[in-house]
Amino acid sequence: MHYSLVAKNTLYQFASRLVSSFTGFLIAIIIARFFGVLGFGEYIKITSYVTLFYLLIDFGLNAIFLNLEKQDFKTFFYLRIFISSLLFIIINLVAFILPYDVNSLSGFSFNTKLGILIFSLSVFSQSLILSSIAIFQKNVNFKFYAKGIIIGSVVNLILVFGLAFLKFSILYVLFAFVLTGFLTGALHIMDTKEKLLPFSFDKKYARDIFVLALPIGLMLLFNLIYFRADIILLSLMSTTKSVGIYGLSYKFFDFLIAIPLFLSNAVYPFLIKYKNDQAIFKKLINRYLLIFFSMSLVLILVFWFSTPLFTFIKSDFSKASIPFRILLMSLPFFFVTSLIQWALITKEKQKFLMYTYFFSLIINIFLNIIFIPTYSYLASAWITLVCEGGVFLILSIKLLIVLNYIRIGNKNYE
């Protein structure tokens, strides 16, 4: 029974991602063609910097909320809105002090910082979306999630094309993203059927859920910086053109690494259900690891030979095929670690995940700082492959221990 539910809800998420990625692909083409490699580079700087904070909006709250017997959605929702308000302030305060070099066009210009101010409003729409996902996941029904994402994506495409065609600046394009984000979030909240008024807030419940989520939140923070450190460091240490080239390759790769997240979202409720039944839990993990790994190999084969399509966007982006192929080689690691990560969260190994991603983050930043000045975006692509391989190795060993496949002495080591 759970296989059909997992398949159906993965299909809903995949369909929404397919539409959002296809419209995102068209939007990337529109921005690249109308604004050129420099304009696209600015767009990547702005969106990469702001989305760096998106996982902090989640902060592991969904995972904890689903695992609690008492589920106070109002407090859960308003806690996330409060976190988003703090993040909005932090995003813009940090952006204000980011450097800019006029001669090399590296760093964050005044217009870039203004774009960040506009696009950072999306943290609030992201709160609506993430909160609603908890309910969809709880009910194992992502149909309404798909509806909201598809409608928002199509409306966003229409707005962006109209603004670019009419030669509005990139700032108006960013505002279109914010508006459609709120449209998607509003649709999602309405479809949850949850009541948010009259306002109520249980301080103790909010404090408890936040404390329980803290290890996951920190893990997600380290994980996110780990994923986005290359773009941020490229923005500070390399040219805007290099950011545009690498940013476009990562846009496509980002679509692919979202697929295991959809699968994990659909599998997670069943991992929670059978977390105390070691035999069934092992069987679920083994089967889905094979599915995740097989899917990654198929995707590598398909997309490896599609890289010449970058030149159809604009000749300036022809070099994007090289970092994209390097990133593709890391796809099996991303797929498998996605499931392993949620399996370990189910077994309450959040602190181990937090330490693992913190260590990986330090290594990632250290390597990027050393090699970006010489090898630019190629260094970032190879470092992503190496670091994700390291994370896969560490988490795999931990999972084998948790599942009692590896024992230390007479007891399994945890």
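Count residues from 1 along the sequence.
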Between Ser20 and Ile149, the two heavy atoms sitting closest are CB-CG2, 3.9 Å
Can Ser125 and Ser122 be counted as having a side-chain donor-acceptor contact under 3.5 angstrom? no
Tell me, yes or no, whether the heavy-atom count around Phe199 atom CZ, taken from other residues, nucleotides or ligands under 6.0 Å, exceeds 12. yes
Considering residues, nucleotides and ligands other than Phe88, do more than 12 of their heavy atoms fall under 6.0 Å from its CZ? yes
Tightest non-hydrogen contact, residues Ala213 and Leu61, listed as CB-CD2, 3.8 Å
Check step by step if side-chain contact (heavy atoms from CB on, under 4.5 Å) holds for Ile322 and Ile245. CA-CA 10 Å; Ile322 301 173; Ile245 291 170; over 6 Å; no
With ring centroids as reference points, do Phe334 and Phe253 lie under 6.0 angstrom apart? yes
Under a 3.5 Å distance rule, please check whether Ser296 uses its side chain to pair with a backbone N or O of Phe293 as donor and acceptor. yes
Return each pair, listed once, that meets side-chain hydrogen bond (donor to acceptor under 3.5 Å, both in side chains) where at least one residue sits in residues 165-184; pairs must be two or more places apart or across chains. Asn156-Thr180
Look only at the side chain of Tyr377 and the backbone of Pro323, and say whether a donor-acceptor pair between them is shorter than 3.5 Å. no
Atom pair CE/CG of Met329 and Leu331 - distance to nearest 0.5 Å: 11.5 Å
Within a strict 4.5 Å, meaning less than it, do heavy atoms of the Leu378 and Tyr246 side chains meet? no
Closest non-hydrogen atom pair between Asn62 and Ala134, with its separation: ND2-N, 3.7 Å
Kindly give the heavy-atom pair with the smallest separation between Gln341 and Leu353, and that separation in Å. O-CD1, 3.5 Å
Worked verdict on Leu117 versus Leu114 for side-chain contact (heavy atoms from CB on, under 4.5 Å): CA-CA 5 Å; Leu117 175 62; Leu114 184 56; 4.3 Å; yes
Exam field: side chain Glu194 to backbone Ile189, donor-acceptor pair closer than 3.5 Å: no
Straight-line distance of Ser132 OG to Phe77 CZ, nearest 0.5 Å: 9.5 Å
May I ask you to decide if Ile340's main-chain N or O and Lys398's side chain share a donor-acceptor pair within less than 3.5 Å? no
Is the backbone of Ile326 close enough, under 3.5 Å, to the side chain of Ser330 for a donor and an acceptor to pair up by distance? no
When rounded to the nearest 0.5 angstrom, what distance separates NZ in Lys351 from CG in Leu214? 9.5 Å
Lys/Arg cation over aromatic Tyr274: Lys283, 6.0 Å, 45° cone: no
Is it the case that over 12 heavy atoms from other parts of the model lie below 6.0 angstrom from the CZ atom of Phe73? yes
side-chain contact (heavy atoms from CB on, under 4.5 Å) between Ile30 and Phe165: does it pass, once the steps are laid out? CA-CA 9 Å; Ile30 291 167; Phe165 183 77; over 6 Å; no
Begin with the C-alpha distance, continue with both residues' side-chain angles, and end with the deciding distance and a verdict on ring pair (Phe, Tyr, Trp, His ring centres under 6.0 Å) for Phe201 and Tyr78. CA-CA 7 Å; Phe201 189 78; Tyr78 289 119; 7.3 Å; no
Here the pair of heavy atoms bringing Thr75 nearest to Asp202 is OG1-N, 3.0 Å
Among Ile372, Ile383, Thr384, Ile362, which one satisfies side-chain contact (heavy atoms from CB on, under 4.5 Å) with Leu367? Ile383
Ile81 vs Ser131 side-chain heavy atoms within contact, under 4.5 Å: no
If you compare all heavy atoms of Ala343 against all heavy atoms of Ile285, which two are closest, and at what distance to 0.1 Å? CB-CD1, 3.5 Å
Hey, is CZ on Phe358 packed in by over 12 heavy atoms from elsewhere, all under 6.0 Å? no
With side-chain contact (heavy atoms from CB on, under 4.5 Å) as the test, would you mind laying out the steps for His188 and Phe144 before giving the verdict? CA-CA 7 Å; His188 280 170; Phe144 295 116; 5.6 Å; no
Is any side-chain heavy atom of Ile91 less than 4.5 Å from a side-chain heavy atom of Ile116? yes
Applying side-chain contact (heavy atoms from CB on, under 4.5 Å) between Phe333 and each of Leu395, Ile257, Val391, Leu385, report the one that passes. Leu385
Side chains of Glu388 and Thr337, donor plus acceptor under 3.5 Å: yes
Quick one, Thr112 and Tyr49 - any side-chain contact, counting heavy atoms below 4.5 Å? no
Side-chain donor/acceptor of Ser338 to backbone N/O of Phe335, under 3.5 Å: no
